[in-house]
Protein chains: 2
Amino acid sequence: MAKHDPDLSLLFSALADPTRRSILTRLAQGPAKVTELADPTGLRLPTVMRHLSVLKTAGLIATTKDGRIRTCEIRPEALHPARTWLDQQRATWEARLDRLDAFVVNAMKERDQ
Amino acid sequence: MAKHDPDLSLLFSALADPTRRSILTRLAQGPAKVTELADPTGLRLPTVMRHLSVLKTAGLIATTKDGRIRTCEIRPEALHPARTWLDQQRATWEARLDRLDAFVVNAMKERDQ
DNA sequence: ATCATGCTTAGCCATGTAGCTAACTAACGC
DNA sequence: GCGTTAGTTAGCTACATGGCTAAGCATGAT
């Protein structure tokens with residue numbers, strides 16, 4: 001059984017909320033101020049701040065403050081472990097299919113002999 | 001802003017728990033009975049049943065019952081929307097980098113003229 | 001200095017979640 | 001038929017989460 005990786009849980013949990021996903025999609029297009037992110041969501045600022053905090057804790061965004069303006073930007077490398085985990089499941093599954101294929105091919109060879 | 005897709009929330013939420021990820025990893029290697037999945041987790045059966053229920057609701061696994069044995073197997077295609085979403089963010093981000101590259105190259109050309 | 005703007009924090013509420021125990025049903029083996 | 005095994009359901013607990021309001025701080029504009 002694979003060992004417990006807390007970063008993956010934070011990561012997938014952060015992605016589990018639609019508001020946070022929409023924020024990430026917006027930030028993938030380029031940095032944005034907090035209010036620029038909040039307006040399209042229709043949520044109150046403290047709620048958006050909380051969502052941003054979750055994304056920051058998961059390492060998915062970074063923020064910088066200039067005066068009273070806080071700018072958020074995506075950290076795309078943070079999505080890498082999620083993609084890796086998904087790829088690993090696919091690799092395991094496809095290796096299994098390959099083994100099944102080989103097994104079927106062998107079985108048909110022996111049946112033909 | 002991208003539209004709200006409830007399946008993605010179920011999907012990422014299901015993946016946010018380490019026990020459920022370990023179950024999926026095991027099932028990627030091949031089908032397994034409920035007790036085979038439960039034993040390595042050290043959790044009580046009702047808890048494991050709940051985790052399986054979450055995975056089933058997210059479409060990540062399917063189960064079949066033969067007598068008193070319930071066998072679970074992975075539905076790897078259900079991971080596809082997650083990978084797609086991740087790929088879309090990467091594509092958006094990399095398109096932005098390409099645009100930045102072109103901008104920088106142009107700026108340097110104009111500076112040299 | 002005052003007002004406006006942008007953000008931040010604290011606390012509350014309702015809902016959801018991950019674990020458990022207890023009790024139960026269904027299938028299997030002898 | 002009886003005991004065992006595999007799974008299921010209901011309910012509880014403690015904690016987490018997504019939303020809000022209220023209040024506050026810091027910065028910017030006039």
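Numbers restart at 1 for each chain; the letters A, B, ... are given by sequence-line order, proteins then strands. The figures that follow rest on heavy atoms only: side chains count, while hydrogens, waters and symmetry mates do not.
With C:dG6, C:dT9, D:dG7 as the choices, the nucleotide that has an atom nearest any side-chain atom of B:Ile69 turns out to be D:dG7.
Contacts classified as salt bridge (Lys or Arg N to Asp or Glu O under 4.0 Å) and involving residues 55-73 of chain B (residues at least two apart or in different chains) are not found.
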Protein and nucleotides 14-18 of chain C: nitrogen or oxygen contacts under 3.5 angstrom:
unit_1	atom_1	unit_2	atom_2	d
C:dA18	OP1	B:Arg20	NH2	3.4
C:dA18	OP2	B:Arg20	NH1	3.1
C:dA18	N7	B:Arg50	NH1	2.5

Can you give me the N/O atom pairs linking the protein to nucleotides 28-30 of chain D at distances under 3.5 Å, or say none if there are none?
unit_1	atom_1	unit_2	atom_2	d
D:dG28	O4'	A:Arg68	NH1	3.3

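Side chain of A:Ser53 to backbone of A:Met49: no donor-acceptor contact under 3.5 angstrom is found. With A:Ser9 contributing its side chain and B:Ala16 its backbone, the two residues share a donor-acceptor pair below 3.5 Å. With hydrogens and angles ignored, the 3.5 Å screen pairs a side-chain donor or acceptor of B:Arg20 with a backbone N or O of B:Ala14.
Residues satisfying the salt bridge (Lys or Arg N to Asp or Glu O under 4.0 Å) criterion with A:Arg75, sequence neighbours excluded, are A:Glu77. Residues satisfying the salt bridge (Lys or Arg N to Asp or Glu O under 4.0 Å) test with B:Arg83, not counting sequence neighbours, are A:Asp87. In this structure A:Glu94 satisfies the side chain to side chain contact (heavy atoms under 4.5 Å, CB included) test together with A:Arg90, sequence neighbours excluded.
To the nearest angstrom, P of C:dA26 lies 9 Å from NZ of B:Lys65. Rounded to whole Å, atom P of C:dT5 lies 13 Å from atom CG of A:Asp39. Between the CG atom of B:Leu45 and the C1' atom of C:dT25 there is a distance of 14 Å, given to the nearest Å.
Using a 4.5 Å cut-off on side-chain heavy atoms (C-beta onward), A:Leu27 and A:Leu60 make no contact.
Using a 4.0 Å cut-off, no side-chain N or O of B:Thr35 falls inside it from OP1 or OP2 of D:dT5.
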